[in-house]
Amino acid sequence: MRLYDLKTLHMKKCVGIDQNPYFSWKIANDKNDTVQCAYQLQVLCDEECLWDTGKVESEKQSFVEYEGIALSSRTEYKWKVTVWNNYNETAEAEAQFETGLLEKSLWNAKWVESTIPRVPVTEYKYGNTAPAVFFEKEFTLDKRVKKARMYATSYGVYQLRINKKRADDREFAPEFTTYSTVLYYQTYDVTMLLKQGKNTLDMYVGDGWYFSMQASPVFENQHEKPSVLFQLEVEYEDGTTEQIISDGDETCALGPICYSDIFQGEKQDYRIGYDEKHPVEVKDYGYEMLEAQPMPPVRPTKLLPAVDVFQSPNGEWIVDFGQVLAGRARIHIDEPKDTEIVLEYFEILDENGNYVNTMFCPQKDIVVSNGTPLEHEVKFTFHGFRYIRVTGMTEVKKENFTAVLLTTEKDDYGSFTCSDERVNRLYQNVRWSQWNNMMSVPTDCPAREKAGWTGDILVYAKTALMNEDVTPFLSSWLHSLRENQADDGVVMITAPYTKLYDGVLMNTVKEFGDTRVTGVAGWSDAIVWVPYIMHQVTGNTIVLKDNYEAMKKWCDYIIRTAKEKRGYRDIPYEYDQYLWNTGFHFGEWLIPSQQIDPKHPYENAKTTSYFMAPFFGYQSVRYFAEICGLLGKVDEQNHYDEIAQQMKNAIQNGIMRGGHMPDDLMGGYCVAIAFDLVPDDLKESYKEKLVSLIQKNDYCLDTGFLATPFLLDALCIVGEQELAHQVFWQDKRPSWLYEVDHGATAIWEAWDADEAKKPGRFVSFDHYALGCVDDWMERAICGIDTDQAGFKHFVIRPQYDSKLTSCERTFESEAGMVSVKWDEHTLKVEIPCNTTATVYCGETVVNIGSGTYQFER
Ligand code: BGC
């Protein structure tokens, strides 16, 4: 037996943490049916043991929370786990973690701010934003360094260098948070970068999210200029220590980055140096908001050399990377001094094969050459793109362009291949949209809004968790979501919540008679759904505890709003008081057959929200009741269960029996079925209705944002597996395979996105939301499912799609990798140690433990 994949706070590398750690490990063994009978966990500092669980008889192998004596700041710890299995074997393994600054009083560094005047931006247009600011400090170290840690952060996004070398390859530190209350600091091991004698440290700071007109969170007293805070703690070989801190002795300067905007792009003029140095100003911004970054950083994770360079019909030079991605390009530039090169990033070619901007702002970088060969890469912006239109280069050569994928670093948790190339491409598109939309926070799309939209991750969280280790990433984002929650419980539509959306939302809610921002069904519900789904996939109860109060406040808001406001439909109060059916909602949003009227964009939202909001409200309260149970809060569980029952009753009698279901919308029926809302006597007619709507629609889906995730499942629930597969295989528009057939390399925002080949349509080709079909593919086609939170017990039941001759899927669960591989004759299954599975194979049902098995189909 062997232990592997030891993680602290679900991270392999865990330096500078300030949260109470939790631990996890995995078990490998040659023998089948291996079960962990007991574990012992010890946390040690040097050789002193701070926590010893003793031998705990338990199968628990993840989310084991530290319960020892208080940890100290800036300390390296070792943890050791011993596991006993049912074969009387033992195995041991150890890992490390290191704490950061656990008390705010340990911050001696001072906030230092640029003194360089900044013209306030009143109009948001390209090139209107401020230059990046270069902070620099020189210092001397008298002795030889044994160990050094740097704790640093900024307002704006920064890159840190010591003696002109990057401290690491992370991007967009200090990440995107609700800056008014939370600002992450980063910890760097800079031991190898320092030297005895004179050293320099610099932090180049771009506007990032904090100073962006589009992404800037809602603030009071927003700072006007970039500032930095750093504390370098050095331990010398002779055992003495020293701190080098930001203290006002730094300089700041403008450099080659003339402007940088996280949405619109960046201009670098390589002729400009960092020559004119200005003093900095010490500011008293305090330390209250500082928290250690609790997740891995954004990093360059893939390099894609250009696949083609061509001149488009209208004579422009275009570089093609063959793949829609988020990030930027590395470009070799060798041009005479003063040459200005313009790079415009875009996602598709128009109908004639020319450049087309499908976003409402440019994604544009400008480079001015200083006459020497350059390896250019922007620093403080990113784009969503497949192509770049290049102007101003003497010769556009393919070998000079490489695209860089930027994404929050995460362990890979899934793989899928099958005998059909189109379905393989669909899966790859899902994976790409996930990489492209996890840039510090889960986003809607990397080219347009780049915002932490709640609804998108609500529908996609399950797929995300089945393909990558997003536990630290989602936990961090939930922190922002909680920070933004209003006192009355309203959960915002994006997190971090930004000025842009506050403005739009305020105007919209007024049209619905509200004077304060209200919660949005299917979007705000993310506060309950995302933790709930995280628990389902990984068994993580810590995330339930952390979000408990916020979820409760949100559910109370739903319940209160339902009770206090009379709905749009004339439904008897007896039921209406349990229906959350007022106010602004996006409703089902983006139903393919319904065109949005730009003058009244939320009209069809209104026509679907009167049932969608009560459905989602019910499901959130039901999930929350279950969460209360999981946390051992029995009274609360009973209370919310009772209300959920009343809500269900109101839906059944007020909406369904009251004749208020829509006549022509699939979405209502499929969500009703998926949420188990349909009373027995209506089940048959709802099934017929859903099936007939699909038939009438030529076997194409006609579901929007909130219903599509449930469509194929709803069909399977009512026993229409074949129809579910038929809709999945559909390749007429709207369908998943239509996108693949029409050149999609990521998941589109709207089924008809290809209409944007004609000018005037603003749509994204890189939205992960509808990629949630992969969750169904994993369960239905590949057959990997569970009936126990955390996949402690697998249910392996492939639906052997007749269009496929083989299929192979892996998923890295908390216990280890499960894999299912089937072809026309056999089903091969691999189950990780410490789990069991029920395998359905034809008429036989087999219960197995860990190991590798083969069955005849
Ligand atoms: C975003 C979405 C989001 C939606 C709200 C869009 O502009 O891109 O993905 O969920 O707004 O309806």
Side-chain angles (χ1 to χ4, degrees), residues 214-215 262-263 324 326 347 358-361 363 383-384 430 433-434 436-439 441-461 463-464 477 481 484 490-509 511-512 517-527 529-530 583-592 594-598 600-609 612-613 616 667 703-709 739 746-753 756 761-772:
Q214 186 168 334
I262 211 144
F263 294 89
V324 167
E347 291 186 332
T358 55
M359 304 296 141
F360 14 76
C361 70
Q363 303 197 83
H383 305 295
V430 170
S433 279
Q434 178 161 333
N436 296 343
N437 281 296
M438 295 201 166
M439 196 75 82
V441 298
T443 61
D444 56 334
C445 57
R448 189 184 62 216
E449 293 171 53
K450 311 185 181 192
W453 275 102
T454 45
D456 301 52
I457 192 63
L458 178 144
V459 300
Y460 189 73
T463 310
W477 177 76
L481 193 61
N484 284 138
V490 168
V491 173
M492 300 305 164
I493 50 175
T494 68
Y497 188 52
T498 59
K499 276 187 200 150
L500 173 79
Y501 296 110
D502 197 45
V504 175
L505 198 57
M506 247 344 279
N507 285 337
T508 313
V509 298
E511 290 178 31
F512 290 77
V517 161
T518 50
V520 176
W523 271 259
S524 307
D525 289 308
I527 190 65
W529 286 59
V530 174
F584 162 69
H585 299 280
F586 293 112
E588 212 192 315
W589 196 242
L590 296 182
I591 298 173
Q594 300 199 353
Q595 285 307 316
I596 293 176
D597 173 357
H600 306 283
Y602 301 122
E603 255 329 281
N604 52 5
K606 201 168 172 181
T607 52
T608 57
S609 66
M612 272 300 173
F616 271 79
T703 42
F705 199 96
L706 290 184
T708 303
E739 295 186 9
I747 301 292
W748 296 349
E749 174 178 18
W751 304 106
D752 61 349
R761 176 88 195 267
F762 298 123
V763 69
S764 143
F765 292 81
D766 202 357
H767 256 63
Y768 56 44
L770 298 174
C772 59

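No hydrogens, no waters, no symmetry mates; every other heavy atom, side chains included, goes into these values. What you see is a predicted model; the values in this text were computed from it and never measured. Start at 1 and go down the list; that is how both ligands and their atoms are numbered.
E749 pairs by the salt bridge (charged side-chain N to carboxylate O under 4.0 Å, His left out) definition with R448, not counting sequence neighbours.
You'll find the side chain of W589 stays beyond 4.5 Å of the side chain of L706, heavy atoms only. In this structure the side chain of E511 never reaches within 4.5 angstrom of the side chain of F584, judged on heavy atoms. With contacts defined as side-chain heavy-atom distances shorter than 4.5 Å, the pair F512/T518 does not qualify.
Within 4.0 Å of ligand 1, the residues that place a heavy atom are D444, R448, E449, W453, D456, W523, F586, W589, F705, E749, H767, listed by chain and number.
Ring planes of W453 and Y501: perpendicular class, angle over 60° (limits at 30 and 60°). Between F705 and W523, the two ring planes are parallel [angle under 30°; tilted spans 30° to 60°].
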